[in-house]
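Keep in mind that what you see is a predicted model, and the values were worked out from it rather than measured. Along the sequence shown, residues are numbered consecutively beginning with 1.
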Amino acid sequence: MPHSPEDKKRAITRLRRIRGQAEALERTVEEGAACGAVLQQLAAIKGAVNGLMADVLEGHLRETFGDPDKALDDSIDETLALMRSYLR
C-alpha cells in the first residue's frame, strides 16, 4: 500500500482513471460495439491495473528490503524490471 501522501494521491488518481475506463467499457458493451473496440478497452484497463500493481509492488519491496546498500538496491531494480515485463 502506498504510504506517503504523494504515493497515495498518485494511486488514487490511477484508480479513478481505471474506474473511468471501466465505465467507458460498460457503455461500449451496452452500445453493442464491435469486439475489437471492446478488446482494446479491456487491454487498456489491464495495462492500467498492472501498472498500479507494479507501483504498489515497488513501494512494498523498497519499504521492506530497502537498504542503503547499493547492491541490494540494484537487485530490487532488477526484480522490478522483470516484474514489469511480465505485467505488460
Side-chain angles (χ1 to χ4, degrees):
M1 171 164 164
H3 294 286
S4 74
E6 181 181 297
D7 289 342
K8 282 183 182 182
K9 182 178 179 180
R10 188 175 29 246
I12 289 170
T13 299
R14 291 183 86 157
L15 286 166
R16 288 179 179 154
R17 190 175 306 125
I18 291 167
R19 181 177 51 208
Q21 289 174 311
E23 290 169 353
L25 174 61
E26 181 180 354
R27 286 189 302 274
T28 300
V29 170
E30 285 176 349
E31 294 167 359
C35 291
V38 172
L39 289 168
Q40 185 176 19
Q41 286 184 314
L42 284 168
I45 292 169
K46 178 184 171 196
V49 170
N50 285 344
L52 177 59
M53 187 177 354
D55 284 350
V56 172
L57 177 62
E58 179 177 358
H60 173 71
L61 288 175
R62 293 201 185 280
E63 182 177 309
T64 303
F65 301 108
D67 192 306
D69 179 16
K70 181 69 174 147
L72 182 58
D73 198 39
D74 289 345
S75 295
I76 291 173
D77 289 341
E78 289 174 18
T79 301
L80 289 169
L82 180 65
M83 291 300 301
R84 286 183 189 275
S85 72
Y86 282 110
L87 291 174
R88 288 188 181 164

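- Taking each heavy atom of Arg62 and Leu80 in turn, the nearest pair found is NH2-CD1, 3.7 Å.
- The hydrophobic cluster containing Ile12 does not contain Val56, counting ILVMFWY residues as joined when their side-chain heavy atoms lie under 4.5 angstrom apart, directly or transitively.
- The CG atom of Leu57 sits 11.5 Å away from the CG atom of Asn50 when rounded to the nearest 0.5 Å.
- Using a 4.5 Å heavy-atom cutoff, the side chains of Glu58 and Arg84 are in contact.
- Rounding to the nearest 0.5 angstrom, the gap separating the CG atom in Leu25 from the CD atom in Glu30 is 10.0 Å.
- Results of the side chain to side chain contact (heavy atoms under 4.5 Å, CB included) test with Glu6 over Arg10, Lys8, Lys9 single out Arg10 as the only residue that passes.
- Hydrophobic clustering of Ile, Leu, Val, Met, Phe, Trp and Tyr side chains at less than 4.5 Å, counting indirect connections, unites Val29 with Leu42.
- From Asp77, atom CG reaches atom CG of Leu82 across 12.5 Å, with rounding to the nearest 0.5 Å.
- One finds the NE2 atom of His60 at 14.0 Å from the CE atom of Met53 (value rounded to the nearest 0.5 Å).
- When the options Arg17, Gln21, Arg19 are evaluated for a side chain to side chain contact (heavy atoms under 4.5 Å, CB included) with Ile45, the one that passes is Gln21.
- Closest heavy-atom contact between Ala48 and Arg14: O-NH2, 4.1 Å.
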